[in-house]
Novice: 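The structure's right below; bear with me while I get my questions together.
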Amino acid sequence: MNYWLFKSEPHVFSFADLKSRRREPWSGVRNYQARNYMRDGMKVGDAALFYHSSCPEPGIAGVMTIASEPIADPTQFNPKDEYFDSKATPEKPIWQLVEVEWVANFVEFVPLENLRSDAALTDMLILRKGNRLSITPVTAAEFRRACKLGGINWKQH
DNA sequence: GCCAACGTTGGC
DNA sequence: GCCAACGTTGGC
């Protein structure tokens with residue numbers, strides 16, 4: 001099993017939104033590296049952290065799971081959609097997505113500040129200077145540690 | 001709102 | 001293929 005971290009701006013789509021919807025297609029990724037992680041790297045059942053970015057309190061809110069194989073992101077075909085891509089066709093899609101499913105809220109939200117000050121997390125990609133990728137892999141150890149900071153014992157899941 | 005850092009675009 | 005200009009991200 002692989003582990004991931006997904007960023008989302010909570011005023012657009014928050015972890016609470018995912019909890020109420022339960023399952024959601026992760027549409028709108030328009031960065032090749034992030035797409036490649038979804039298309040080539042993810043397996044159904046992988047676990048992922050949900051990170052809130054561009055907000056008053058950035059940090060990790062909880063855990064979700066990869067719930068589908070990669071499929072073509074339908075928003076790329078819709079001229080009315082903000083993520084429309086005129087170069088994409090249903091025969092030759094450019095952008096893929098996976099569906100994600102809510103698993104568990106952290107008992108305590110883990111602010112970015114706490115991630116930065118944790119010695120076990122210094123290599124997390126999200127903490128690297130200049131990192132802008134909306135989807136990044138995390139190691140199993142980083143994943144467990146983040147869960148622990150959030151008040152969850154991941155082994156019980 | 002500022003600004004550093006990065007990805008993408010497009011002229012050559 | 002180079003690289004300057006531009007747009008975006010995201011913390012502060």
Side-chain angles (χ1 to χ4, degrees), chain A residues 2-21 24-42 46-64 66 70-100 102-139 141-152:
Chain A
N2 289 318
Y3 297 91
W4 309 93
L5 181 144
F6 285 56
K7 288 186 202 169
S8 185
E9 302 185 16
H11 63 95
V12 178
F13 189 77
S14 70
F15 193 59
D17 293 331
L18 180 63
K19 185 178 183 184
S20 64
R21 300 184 66 111
E24 186 76 3
W26 202 264
S27 61
V29 169
R30 295 294 180 269
N31 170 283
Y32 289 105
Q33 210 176 336
R35 177 206 65 182
N36 292 349
Y37 285 136
M38 289 196 289
R39 190 187 64 183
D40 309 326
M42 291 185 191
D46 282 358
L49 302 166
F50 193 113
Y51 178 88
H52 285 172
S53 66
S54 294
C55 56
E57 200 180 20
I60 301 173
V63 176
M64 60 187 184
I66 307 307
I71 58 163
D73 180 345
T75 62
Q76 71 194 301
F77 308 128
N78 179 0
K80 300 229 166 57
D81 195 282
E82 65 171 311
Y83 294 112
F84 176 63
D85 186 334
S86 60
K87 296 188 291 297
T89 64
E91 294 72 33
K92 282 202 163 187
I94 299 173
W95 306 108
Q96 273 72 33
L97 62 74
V98 295
E99 291 188 4
V100 296
W102 179 87
V103 170
N105 280 48
F106 276 1
V107 176
E108 292 192 69
F109 183 85
V110 181
L112 176 59
E113 206 185 340
N114 295 18
L115 298 172
R116 285 203 190 283
S117 62
D118 195 283
L121 297 179
T122 48
D123 290 333
M124 262 189 109
L125 291 173
I126 189 106
L127 304 179
R128 292 252 181 97
K129 189 176 184 180
N131 169 68
R132 283 168 34 186
L133 264 186
S134 62
I135 297 173
T136 50
V138 301
T139 67
E142 289 165 347
F143 190 90
R144 280 195 303 272
R145 180 63 184 160
C147 286
K148 174 137 193 182
L149 293 176
I152 284 183

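Reminder, nothing fancy here: chain letters follow the sequence lines and each chain counts from 1. Note that this is a predicted model, so its numbers are computed, not measured.
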Novice: Nearest to the side chain of L112(A), heavy atoms from C-beta on, is which of dC12(C), dA4(B), dG7(B)?
Specialist: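 Ranking dC12(C), dA4(B), dG7(B) by closest atom to the L112(A) side chain puts dC12(C) first.
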
Novice: Give the rounded distance in Å between these two atoms: CG of L133(A) and C1' of dT8(B).
Specialist: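 Distance, rounded to whole Å: 14 Å.
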
Novice: Would you kindly give the CG-to-P distance between L127(A) and dA5(B), to the nearest whole Å?
Specialist: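 To the nearest whole Å, that distance equals 16 Å.
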
Novice: Less than 4.0 angstrom from a charged side-chain N to a carboxylate O is my criterion; do R145(A) and D118(A) meet it?
Specialist: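 So R145(A) pairs with D118(A) through a salt bridge.
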
Novice: Using atom NZ of K129(A) as one end and atom P of dC12(C) as the other, report the distance to the nearest whole Å.
Specialist: 13 Å

Novice: Anything under 3.5 Å between a protein N or O and an N or O of nucleotides 9-11 of chain B, put it in a table, one pair a line.
Specialist:
none

Novice: Could you state the atom-to-atom distance from CD1 of I94(A) to P of dT8(B) in whole Å?
Specialist: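 It is 12 Å, rounded to the nearest whole Å.
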
Novice: Measure from the side-chain heavy atoms of R116(A) and tell me the nearest of dG7(B), dA5(B), dC12(C).
Specialist: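 Looking only at heavy atoms from C-beta outward on R116(A), the closest nucleotide is dC12(C).
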
Novice: Using distance alone, with no hydrogens and no angle criterion, decide if N78(A) and T75(A) have a side-chain donor and acceptor under 3.5 Å apart.
Specialist: no

Novice: What integer distance in Å separates Q33(A):CD from dT8(B):C1'?
Specialist: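 So the two atoms are 14 Å apart, to the nearest Å.
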
Novice: Would you find a donor on one side and an acceptor on the other, under 3.5 Å apart, between the side chain of R116(A) and the backbone of L127(A)?
Specialist: yes

Novice: Apply side chain to side chain contact (heavy atoms under 4.5 Å, CB included) to residues Y37(A) and F6(A) and explain how you reach the verdict.
Specialist: CA-CA 11 Å; Y37(A) 285 136; F6(A) 285 56; over 6 Å; no

Novice: Can you tell me how far CH2 of W4(A) sits from CD1 of I66(A), rounded to the nearest 0.5 angstrom?
Specialist: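 That separation rounds to 8.0 Å.
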
Novice: Take atom CG of N131(A) and atom P of dC12(C), then tell me their distance rounded to the nearest Å.
Specialist: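 Checked: the CG to P distance equals 13 Å.
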
Novice: For E82(A) and dG7(C), give me the distance from atom CD to atom P, rounded to whole Å.
Specialist: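 Whole-Å distance recorded here is 17 Å.
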
Novice: Measure the distance from CG on L115(A) to P on dC12(C) and round it to the nearest whole Å.
Specialist: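 My rounded result for the distance is 11 Å.
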
Novice: Minimum heavy-atom separation for V12(A) to D17(A), with atom names?
Specialist: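 Where V12(A) meets D17(A) most closely, the heavy atoms are O-OD2, 4.2 Å.
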
